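Written out below as structure tokens is the structure these notes cover.
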Amino acid sequence: MRVLIVEDDPVLADGLTRSLRQADYAVDCINDGAEADHVLAAQGYDIVILDLGLPKIDGFEVLRRLRRRGVKVPVLVLTARDALQDRVKGLDLGADDYLTKPFDLPELEARVRALIRRGQSGGSSLLNHGALTLDIAGRRATLDGEPLDLSARELGVLEVLMMRSGRVVGKEQLAEQLYGWDEEVGANAIEVYVHRLRRKLEPAGVAIRTIRGLGYLLEKAPNV
Amino acid sequence: MSRPRTLRRQLLTWLAGPLIVLWSISTLVDYDIANRFVNLAYDRALLESALDIGRQVKVLNDRIYVDLPEVAIQMLQSRESGRVYYLVTGPRNEFITGDPDLPPPPDPLSAKINYYDDEYQGKPVRIVALQLPVESGKNQGLVTVLVAENRVARTEFARLILLRMMLPQALLILLAAVLLWYAVGRGLAPLSTLRKEIESRSHRDLSALPEEQAPQEVRPLIRAMNDLLQRLSGTLAAQQRFIADAAHQLRTPVAGIKTQTELALRQSPSGEARATLHQLHTATEQITRLINQLLSLARAEPGTERAHTTEQLDLNKLVREATTEWVPRALARNIDLGFDSSQDGVTIEGDAFLLREMLNNLLDNAVRYTQPGGQVTVHIAQDAGNIALSVEDNGPGIPESERERVFERFYRVLGTGVEGCGLGLAIVREIAQRHGAEVSLGHGAGGSGTIIRVAFPKTI
């Protein structure tokens, strides 16, 4: 995987480069906008980490030129500003994600991973969570390689939870995912599916947490 | 001690002083006029009496006598203006009839009719001296008739006239003063309206004062004040821009330090180095939070250039989204974070960005200060007049004595063992005030922990 980092602060650029290299990415690092524009016009990357406040040409302009050339590479924008307008402008110009400085390194790495995955459209349809694996296309789940006996609705709930692993999924979101246009949405039904799913997953140490008033969360897998 | 100068008192002094002087002069003049006319009238009556007596001067057998009937004498003695004295003397100044010791006229008599003032029986009198020719042989010559009356009557009459003239004038002056008092009050009304307008203002409202309704004289004052307000808000904006810029500038180097520290920690150093890196990491977290809070505060304060857009917001939705973002951090500290939404839809008018910022600060405090295993709950409830957003925890609570101070900037409750910079609640209060909301602080349910309640007035 080739990563281009465009960041003019040498300390931060060095930190990012080393961290991503440790994760086995091939990293190029550039510290001004004009050069970034040149390099991006000449070479292909799997992801670009782009700072907005750059010398010579600012990040917005680099992004605009990149998208004008029709390049679809995922772009993660880094910025010292967090004004809403900047964020909207960045996303409008075709940024795929946005991080405000300073950020947690694991957070950045997770976003980079997610963006690369999204960039490879039609990629793997397997979702992993610890010992749990869900084959979205094949509609089946396995635990330590052993197939799990789940109904279609339970699979649906699990899919949404696994896609957003570590984050809260509201009951409404689950309902939306599970039901067709004209079917009645029932919060109680969701509770029943989650309850059943929880009972089947618990022996394997996979916990679905109830977050009061907010929804459910598939707890982060212990060190994958 | 000198009393403050008031416009009313100054105007009254300027008007009433001259008026009273004028009134005094007018009184003197009036007194003179009254005297003159009273004298004229009384003198005429006196002369009338003298002529009456004169007509009765007769000559019989060379003897001059006055044929005054008893009735006439009685009339003279009982005139309304007081008793009248008379004396008739002959050409050789011989006594003919009357009161012999009436003071004689000052010599020589220059005209046929002479008036003079004198004293008679110890009282001031007015006397007319009338000279009449008589023809009776050897007695040819001038008979003098003196008629005197007490001056008291005319003085009193003159006083009466004067009084009648002065009273209406005095009333007029009094009326002018009252009218002036009232008019000054009316005239100064725009100033007191202005005062109320300024008094009722919030310190964050630096908009121009209304000028249209003020009278011409007050407008320069309003304009000067508006000019000052404008300069003030310009300065404030510049100051906030500076804070915001400084905070933004700090972010990149801090991001560098943080990234490098996290990277170093991954290399699993041991002992001292690891402890040092942990401290460094904690410090970076703190500085990050401080930068973010400074920015929040700069944004929430008046005079910022960022356009604050208020819109109709679904509070349930906004709070659910903001609280959801905090779940991972709460779980990392083993805190049970929950949301208790309002059953009915809750719409408020506000700035979504700032309200989110406010809730973030409330949750940051709650999650930070509550012990692992604790509970944090966000509630939305509404009653007749208010929509209340509250964040409740079962943490250590805030002592009664600290409750007011925690809203101050950079104030921190001692002995909590938690790193913080003490800006969180100041931001909460600032944003709440911007939305016309009240922030209150209390015990959580069961008497422990903390509940911070932000009550928004219901707008219908």
Side-chain angles (χ1 to χ4, degrees), chain A residues 5 7-23 31 49 51-54 78-88 99-110 164-173 207 209-220, chain B residues 244-245 247-267 281 284-285 287-289 291-292 295-296 299 305-307 309 316-317 319-321 323-328 330-332 336-341 351-354 356-357 375-380:
Chain A
I5 297 170
E7 166 63 63
D8 64 317
D9 182 79
V11 179
L12 180 57
D14 172 74
L16 289 175
T17 308
R18 280 167 49 208
S19 123
L20 291 174
R21 277 191 184 142
Q22 279 170 16
N31 55 21
I49 299 173
D51 179 31
L52 284 183
L54 290 171
L78 297 184
T79 182
R81 307 211 157 249
D82 57 358
L84 211 57
Q85 292 98 313
D86 272 12
R87 198 173 300 203
V88 171
L99 261 183
T100 305
K101 292 177 190 172
F103 41 80
D104 290 328
L105 209 43
E107 174 83 18
L108 175 107
E109 289 163 344
R164 301 179 52 95
S165 161
R167 283 188 275 172
V168 180
V169 183
K171 276 185 189 170
E172 305 78 18
Q173 279 168 295
R209 245 187 129 121
T210 304
I211 309 297
R212 286 180 295 129
L214 295 172
Y216 302 99
L217 171 142
L218 188 64
E219 280 198 285
K220 274 187 184 156
Chain B
D245 285 346
H248 282 134
Q249 292 298 323
L250 280 170
R251 280 183 159 173
T252 299
V254 169
I257 299 172
K258 192 168 148 111
T259 305
Q260 293 286 354
T261 314
E262 286 176 13
L263 213 52
L265 274 167
R266 280 188 190 171
Q267 280 141 26
H281 191 250
T284 350
E285 296 277 318
I287 208 169
T288 303
R289 187 161 175 253
I291 289 168
N292 289 336
L295 278 168
S296 295
R299 266 194 301 264
E305 294 200 340
R306 193 184 93 78
T309 43
N316 270 330
K317 182 165 174 273
V319 172
R320 174 174 289 117
E321 285 171 4
T323 309
T324 300
E325 281 175 23
W326 277 86
V327 170
L331 290 181
D336 172 18
L337 174 63
F339 174 44
D340 172 19
S341 61
D351 182 319
F353 186 80
L354 289 181
R356 217 177 263 264
E357 204 89 337
Q375 214 178 45
V376 173
T377 310
V378 182
H379 304 271
I380 295 179

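In what follows, chains are A, B, ... by sequence order, proteins preceding strands, each numbered from 1. Not measured: the values here are computed from a predicted model. Scope of the values below: all heavy atoms of this structure, side chains included, with no hydrogens, waters or symmetry mates.
- Only the backbone of B:Val376 comes within less than 4.5 Å of a heavy atom of chain A; no side-chain atom from C-beta onward does.
- In this structure, no portion of A:Pro10 lies under 4.5 Å from any heavy atom of chain B.
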Checklist line | Trace of the side chain to side chain contact (heavy atoms under 4.5 Å, CB included) decision for B:Thr259 with A:Phe103 | finding: CA-CA 8 Å; B:Thr259 305; A:Phe103 41 80; 4.1 Å; yes

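- Note that CG of A:Leu214 and NZ of A:Lys171 are 10.5 Å apart. Values are rounded to the nearest 0.5 Å.
- B:Gln267 touches chain A through its side chain: at least one heavy atom from C-beta onward sits under 4.5 Å away, while N, CA, C and O do not.
- Within the 4.5 angstrom heavy-atom criterion, no atom of B:Ile291 approaches chain A.
- When each of B:Thr377, B:Val378, B:Asp340 is scored by its heavy-atom pairs under 4.5 Å with chain A, the top score falls to B:Thr377.
- Taking the side chain as every heavy atom from C-beta outward, A:Glu107 and A:Leu99 approach each other to under 4.5 Å.
- Under the rule for a side-chain contact (heavy atoms from CB on, under 4.5 Å), the partners of B:Glu325 that lie at least two apart in sequence or sit in another chain are B:Arg356.
- Residues B:Leu295 and B:His248 are in side-chain contact: their nearest non-hydrogen atoms beyond the backbone lie under 4.5 Å apart.
- Among A:Val11, A:Ile211, A:Leu105, the residue with the largest count of heavy-atom pairs under 4.5 Å with chain B is A:Leu105.
- Chosen from A:Gly170, A:Ala13, A:Pro106, the residue pairing most often with chain B at heavy-atom distances under 4.5 Å is A:Pro106.
- With chain B as the partner, the residue from A:Gly213, A:Pro102, A:Gly15 showing the most heavy-atom pairs under 4.5 Å is A:Pro102.
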Next item on the list: Begin with the C-alpha distance, continue with both residues' side-chain angles, and end with the deciding distance and a verdict on side chain to side chain contact (heavy atoms under 4.5 Å, CB included) for A:Val168 and A:Tyr216.
Entry: CA-CA 6 Å; A:Val168 180; A:Tyr216 302 99; over 6 Å; no

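- Counting only residues at least two apart or on different chains, the salt bridge (charged side-chain N to carboxylate O under 4.0 Å, His left out) pairs with a member in residues 8-19 of chain A are A:Asp14-A:Arg18.
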Margin query: Assess the residue pair A:Leu16 and A:Leu78 against the criterion (side chain to side chain contact (heavy atoms under 4.5 Å, CB included)); give the C-alpha distance rounded to whole Å, side-chain angles, the decisive distance to 0.1 Å, and a yes or no.
Written below: CA-CA 12 Å; A:Leu16 289 175; A:Leu78 297 184; 3.9 Å; yes

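- Heavy-atom pairs under 4.5 Å with chain A peak, among B:Gln260, B:Glu285, B:Gln249, at B:Gln260.
- The contact between B:Thr323 and chain A is made by backbone and side chain atoms together, counting heavy-atom distances below 4.5 Å.
- Considering only heavy-atom pairs separated by less than 4.5 Å from chain B, the leading option among A:Glu7, A:Arg209, A:Arg212, A:Gln22 is A:Arg212.
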